[in-house]
Amino acid sequence: RNHEKSHILTGIEKRFNTTGLAIEKRIIEGCRKGKRKYQKMLYERYYAYGIGICYRYAYTKEDAMEILNDGFMNVFDNLQRYDTDKPFKP
C-alpha cells in the first residue's frame, strides 16, 4: 500500500511539475476553492496520520472514523485561515 501511495505522489509531482511543500500548497489552494479532487488528495495524503491519532482516543473503528471525518470537515471549513508558509502536519 505504501508503494501505491508513493506512486500516486509521483503522479501528482509530475502533473504539477513540483515536489513536497509546493504540492501541499497547491492541494490546499484547490481545497480553498472547494474543489473535491483536491479535498480527496488532502484526505488521502493525511489519512494514515490522522486515523492513527484518532484510534488513540476512540473505542471502536467507527468512532475513530467519525472523529477523523469530523476533523477533516473542520479543516475544510477553516482552511482559509491556514498559513501555507507553515507545515500542515505538525
(request) Output yes when a side-chain donor or acceptor of N78 lies under 3.5 Å from a complementary backbone atom of N74, and no otherwise. (result) yes

(request) Keeping the roles fixed (side chain from Q80, backbone from R32), state whether a donor-acceptor pair exists under 3.5 Å. (result) yes

Nearest 0.5 Å, what's the [atom1]-[atom2] distance between [X] and [Y]?
X	Y	atom1	atom2	result
I51	K61	CD1	NZ	8.0 Å
L42	L79	CG	CG	7.0 Å
K89	R45	NZ	CZ	9.5 Å
I27	K35	CD1	NZ	13.5 Å

(message) Is the shortest side-chain heavy-atom distance between N69 and Y43 below 4.5 Å?
(response) yes

(request) Kindly work out whether a path of hydrophobic side-chain contacts (I/L/V/M/F/W/Y, heavy atoms less than 4.5 Å apart) joins Y49 to Y38. (result) no

(request) Determine, using the 4.5 Å side-chain heavy-atom cutoff (strictly less than), whether Y55 and M65 are members of one ILVMFWY cluster. (result) yes

Could you pull out the closest heavy-atom pair between [X] and [Y], with the gap in Å?
X	Y	result
F76	C31	CE2-SG, 3.9 Å
A64	C54	O-CB, 3.6 Å
K25	D85	NZ-OD1, 3.5 Å

(request) List the steps, then state whether side-chain contact (heavy atoms from CB on, under 4.5 Å) holds for Y47 with F72. (result) CA-CA 9 Å; Y47 173 85; F72 268 102; 5.6 Å; no

(request) Describe, in one word, how the ring planes of F88 and Y82 are oriented to each other, choosing from parallel (under 30°), tilted (30 to 60°) and perpendicular (over 60°). (result) perpendicular

(request) Tell me, with the steps shown, if D70 and M73 meet side-chain contact (heavy atoms from CB on, under 4.5 Å). (result) CA-CA 5 Å; D70 289 349; M73 290 305 297; 5.5 Å; no

(request) Decide salt bridge (charged side-chain N to carboxylate O under 4.0 Å, His left out) for R26 and E29; before the verdict, give the C-alpha distance in whole Å, the side-chain angles of both, and the deciding distance to 0.1 Å. (result) CA-CA 5 Å; R26 287 193 177 193; E29 286 306 314; over 6 Å; no

(request) Compute whether any side-chain donor of one residue and acceptor of the other, for Y57 and D63, lie under 3.5 angstrom apart. (result) no

